[in-house]
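Just so you know, these numbers come straight off a predicted model, no measurement behind them.
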Amino acid sequence: MNSPDATAHEPAPRRPAMSRRALLGASGLMVGLLVMSACSSENDRLAEQAANDGSNYVAGDGSVQEFAPEERGEPVHFESTLFDGSAVDPARWTGEVVVINFWYAACAPCRVEAPDLAELHQEFADDGVQFYGVNTRDTQPTAEAFERRFGIEYPSMEDRDGRVMLAMTDYVPPSAVPTTLVLDRDGRVSARILGIAEPGTLRALITTALEESSQA
């Protein structure tokens, strides 16, 4: 008679219990993964919001419209307030070429063009070209965090009530975010970019405004 297998009744080996340190490490890893997932979801949400922002403004296609001096309308006029609390109106840039950029922090195209705008601001500083942002959605902390991230040193106006956007429809409707306008030394719109402002294109538009001013 064959004897039963001696190992048949031996208990299965027990899995070693996880130490407290290992449990904490695993918990930390799980929390980290959840946070990363949340951040990714938030970024996706912001990108979707930028593309389908639910407002009356749609993303531009980067199209450029230039206006010959004889085709330009009246000098633009509006009053607003910068995020630092100071008042702003066209008297601040009388006799200077001006770049006005409409933006908000969750706008994906705005994030793409922001570093280029910051560099162009520095590039044309010695020429007296003034840059202003018009923020259509954000509170001051959100706008300032965006500016710090992308090294933007020119000021922005708070326009959540849409006053500046509405005022500009009397001249050249922005109709998209982002939109970038170039004003000549007379304060008239000389060019408009709907959508991302390509640095080479915007540089050429600013240079044109400067050169025609010097030839006048």
Residue pair Thr136 / Met165, side-chain heavy-atom distance below 4.5 Å: yes
Polar side chain donor-acceptor pair, Asn101 to Thr180, under 3.5 angstrom: yes
With Tyr132, the ring-ring contact (aromatic ring centres under 6.0 Å, His included) member among Phe78, Trp93, Phe83, Tyr154: Trp93
Donor-acceptor contact below 3.5 Å, side chain Asp184 vs main chain Ser190: no
Heavy-atom pair of closest approach, residues Val177 and Phe102: CG1-O, 3.8 Å
Other residues, nucleotides, ligands: >12 heavy atoms within 6.0 Å of Arg163 CZ: no
Sidechain-backbone polar pair: Arg203 side chain, Glu198 backbone, donor-acceptor under 3.5 Å: no
Reported CD-to-CD distance for the pair Glu147 and Glu144, which is rounded to 0.5 angstrom: 6.5 Å
Any donor-acceptor N/O pair, Asn135 side chain to Met157 backbone, under 3.5 Å: no
Under 3.5 Å side-chain donor-acceptor pair for Trp103 and Ser156: yes
Ion pair check, Arg188 and Glu74, cut-off under 4.0 Å: no
Carboxylate-amine/guanidinium proximity below 4.0 Å for Glu70 and Arg72: no
Taking every non-hydrogen atom, the tightest pair across Glu96 and Asp127: OE1-O, 4.2 Å
CD on Glu123 to CG on Leu117, rounded to 0.5 Å: 12.0 Å
Spacing of Thr179 atom OG1 and Ile196 atom CD1 [to the nearest 0.5 Å]: 12.0 Å
Side chain proximity check, Ile100 to Leu183, heavy atoms < 4.5 angstrom: yes
Partner of Phe124 under side-chain contact (heavy atoms from CB on, under 4.5 Å), chosen from Val97, Val99, Thr207: Thr207
